[in-house]
Every structure is written in structure tokens, then in C-alpha cells.
Novice: 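Supplied in C-alpha cells, the structure appears directly below.
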Amino acid sequence: MAKWGEGDPRWIVEQRADATNVNNWHWTERDVTGWSSDKLKELLLGLSVEGLEGHCEITDVPKLEGEASINNRKGKLIYFYEWVVQATWTGTSKTGIKYKGNVDVPNLSDENDMDDLDITVTLCKDEPSTSLVDLMKREGIKKVRTALGSYIGHLKTEFTQGMILPTANGVNKPPQSKPQTKVTADKTQISSSSSTVSSPAPSSSSTTTRSSTGVKIPTCRFSLKDTFLTSAEELYRTFINQEMVQVFTHSPAVVEGHKGGKFQLLDGIVHGEFKELVPDEKIVMQWRFKTWPCEHYATISIDMEDRGDQTELKLDCKGVPSGEEDRTKEGWKRYYFEAIKQTFGYGARL
């Protein structure tokens, strides 16, 4: 039997105004099927490609069968989605002849990576053969895959608000578990009026910071590496040029590409400020999801090394709220790195 005051914190009822789902221990679920159907249509309709063969555009999405939901268990968000998608494309050849066909995606699911999606392009029955099919297979599939990836990105950012409820002290607390590595405390205090920083303890993957209300926020740190088949100059521009950001995120964005400049992506779901910019070499930014505790930012440092026909990128991210590491890491890998490669062709040799 546990000693007095040493009970499992998951079973301790806190003083909450609504007395609901204390410590986020119970399973909660949100159905996002209707929103998903609308978002998929929004992202797919109007996609177009053009080449020597002519012009093609997705003009209808007659089939969308499936469901999607977000679940919270023990303070961790779990995403379920499964869709069968069919879109209709129309094309016009250089000689002015019109054609019609379909794009089918039978396995858009949380169990499959974007690269594993089966996307097929066909002509409608009785349509004569045309090279526009080759155009759709070569370029159209890329745009469809990127649009479907953007749907997943919106799913994981637009509907997390309120899924993890605040505890008595007003801050989301991740489930307590026995630490696997030594944890140190970074004495950084975040305040709306001033910030005091003392000498940090030896580095580790987990730290504790304070929010503007003075409540400690457990944080973590991670690093990523990737290679892009482009110059460091072009890759640098991709991150700080507003038009290029809008292209690979498939949504409006505000990007002030200078030191001290603000940025806002995905309708404000992601925003921050550029703290240091070294052209073609380094980007340092304060970065946050709007669902994070008020005024809490992660510090992201991106280093680029030009290696002739390719650029090696190293990303270091620190100050991410505990419980948000997987979501943040996956978001950068899939919705920054992979989206940039697929949109601008920086991921494959032609």
C-alpha cells in the first residue's frame, strides 16, 4: 500500500471548474468526418497541371467514402482516418480536344505513409487514348499526393484545441512515467514583461520551463537531418519567401523574410518570428503551435550545407512541450521536408 501522499497521481482528483476528464486520463473522441470530407474536396478541386501534352484539372470529387476522428487517451492524441477517394479530371490537348478521366485513391489511411498511397489515373470509358494520361501520371499524381498530405496536416493542427484539457494549475500535464534518462531543469522564465535566463544545466533531451503565469512546463528537444537535391540558396529561399511557403503548404501565409520578421502559416495554426538569418546557411526562429501554452515558443535552428548538387539540412528544435514531441517532429518531416521535396522536385533525381 502506498504511503500517505504517495498515491498514483493519475487517480488524484484535481480542483477543476468542470470536473471533467482529470489529468486527461479518460478516452475522449471527436468525430471530424464531415470536416474531412469538405477539406478533401477543397484541397483537390481545382488542382491543375500543364505540359507539352496540354492542360488537365480536377473538376469534381464524386466519391468520398470513409471516416475520421481524433482521440485523446492519457494526454496523447491519436488520429484515425480511412478514406476511399475518387476525383474526376478533365483535360484539353494542345489541339483543343477535350478528354475526361478519373483519379482513384483506395487507401488514404492512418496506417499508410503518403509514399505508400495507391494513386491511379485512368480515362473514362469510350474516351480515345491521349498523352494527357501520361501528364496526369507524371505530374498530376504528385499534386494529388501533396494535397492529401496537406489534409492530414490540417487534421493534426486544426482540431487539437480542447482535446487535451488543462489541469488545476491551468497547464496541460502529460501522464507521469518513470524517466528513462536524467532530466535537468533549464531555469528559463518566460514572462510577458521580461525574461530572466540563468546558466543552463548540462544539456539533455528534457527540460522544464515556466509559462507566463509562472507554471513549470516540461519540455523536450530533438534533432532532424535531411538532404535536398537543390542548392543551399534555393532551399534557404524556400523557407523565407512568402510565395514559396504558400505553394508547399497549399494555404495562405504571411512570411516576413528578415531578422525580426514574423511568419504565420496554415491560418495562424503555426506562427513565430525569425531571430537570426544567415543567407544560404542558417535560419533561427521562435516557432509555436497556437494550441501550446500562451506565449510559449520552441527555438528552431536550421543549418544548411551546400554540397554541390545537393544540400544537407540539420534541424535542432528545443523547448517543445512534453507530449508534443512526436506531433512536432512528424509535422516538420512530413509537412515541411516532404512537402518541399514533392512540390519543388527536390527529393528525386530526374
Side-chain angles (χ1 to χ4, degrees), residues 24 70 72 74-79 152-153 155-167 169-177 179-191 195 197 200-226 239 249 262-266 268-276 282-303 313-339:
N24 299 288
I70 305 175
N72 170 26
K74 303 180 184 178
K76 181 177 181 180
L77 294 178
I78 306 169
Y79 304 87
I152 298 170
L155 174 67
K156 293 186 176 183
T157 52
E158 290 188 22
F159 280 91
T160 54
Q161 184 107 25
M163 287 297 292
I164 299 182
L165 299 173
T167 55
N169 63 12
V171 176
N172 300 334
K173 291 202 309 187
Q176 305 232 347
S177 60
Q180 299 299 314
T181 58
K182 183 179 179 181
V183 177
T184 60
D186 185 350
K187 302 292 185 177
T188 304
Q189 295 189 23
I190 304 173
S191 171
S195 297
V197 182
S203 63
S204 69
S205 61
S206 179
T207 59
T208 303
T209 61
R210 291 181 179 269
S211 71
S212 58
T213 59
V215 181
K216 291 183 178 180
I217 301 174
T219 62
C220 58
R221 178 175 186 168
F222 66 83
S223 299
L224 296 172
K225 290 184 180 181
D226 211 332
F239 285 100
T249 60
K262 311 291 187 181
F263 59 85
Q264 181 172 291
L265 285 62
L266 302 172
I269 293 168
V270 168
H271 64 274
E273 179 181 339
F274 293 113
K275 306 301 290 185
E276 180 183 354
K282 188 181 186 71
I283 299 172
V284 179
M285 65 182 83
Q286 298 289 93
W287 186 100
R288 64 176 265 113
F289 281 121
K290 72 176 183 180
T291 52
W292 287 1
C294 184
E295 296 302 317
H296 182 82
Y297 289 80
T299 299
I300 292 179
S301 178
I302 298 174
D303 291 284
L313 181 149
K314 297 179 181 178
L315 179 147
D316 182 71
C317 180
K318 60 183 179 181
V320 175
S322 294
E324 292 284 295
E325 178 180 359
D326 290 344
R327 174 191 176 203
T328 306
K329 185 184 295 184
E330 180 182 356
W332 270 91
K333 288 167 66 176
R334 182 170 293 182
Y335 306 113
Y336 277 87
F337 296 174
E338 292 181 17

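The first residue in the sequence is number 1, and the count goes up from there. From a predicted model like this one, the values you see are computed outputs, not experimental measurements.
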Novice: What I'd like to find out is whether the side chain of Asp303 reaches to under 4.5 Å of the side chain of Asp316, using heavy atoms alone.
Specialist: no
Novice: With a 4.5 Å limit on heavy-atom distance, are the side chains of Phe274 and Val284 in contact?
Specialist: no
Novice: To check you understand the geometry: which heavy-atom pair defines the closest contact between Cys220 and Ser322, and what is its length?
Specialist: N-OG, 4.4 Å
Novice: When the ring planes of Trp287 and Trp292 are compared, do they come out parallel, tilted or perpendicular, using 30° and 60° as the limits?
Specialist: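 Correct class here is perpendicular.
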Novice: Please determine which of Met285, Gln286, Arg221, Lys275 meets the side chain to side chain contact (heavy atoms under 4.5 Å, CB included) test together with Thr299.
Specialist: Gln286
Novice: I'd like to know whether Lys282 forms a side-chain hydrogen bond (donor to acceptor under 3.5 Å, both in side chains) with Ser301, so could you lay out the CA-CA distance, the side-chain angles of the two residues, the decisive distance to 0.1 Å, and finally the verdict.
Specialist: CA-CA 7 Å; Lys282 188 181 186 71; Ser301 178; 3.2 Å; yes
Novice: Nearest 0.5 angstrom please: Leu224 CG to Ile302 CD1, how far?
Specialist: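 These two atoms lie 10.0 Å from each other.
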Novice: Within a strict 4.5 Å, meaning less than it, do heavy atoms of the Tyr79 and Ile152 side chains meet?
Specialist: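 No, every pair of side-chain atoms sits at 4.5 Å or beyond.
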Novice: Does His296 use its side chain to pair, donor to acceptor, with the backbone of Arg288 at less than 3.5 Å?
Specialist: no
Novice: Within the structure provided, determine whether Tyr297 and His271 are in side-chain contact (heavy-atom separation under 4.5 Å).
Specialist: yes
Novice: Regarding Ser223 and Lys314, is there a side-chain donor-to-acceptor distance under 3.5 Å anywhere?
Specialist: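 Distance-only check fails for Ser223 and Lys314.
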Novice: Check Glu330, Glu325, Glu324 against Arg327 for a side chain to side chain donor-acceptor pair (under 3.5 Å) and give me the one that passes.
Specialist: Glu324
Novice: Might you work through the side-chain contact (heavy atoms from CB on, under 4.5 Å) test for Ile70 and Leu155, ending with a clear yes or no?
Specialist: CA-CA 9 Å; Ile70 305 175; Leu155 174 67; 4.2 Å; yes
Novice: Rounded to the nearest 0.5 Å, what separation is found between the CD1 atom of Ile300 and the OG1 atom of Thr328?
Specialist: 8.0 Å
Novice: Going by the angle between their ring planes, with limits at 30° and 60°, are Phe239 and Tyr336 parallel, tilted or perpendicular?
Specialist: parallel
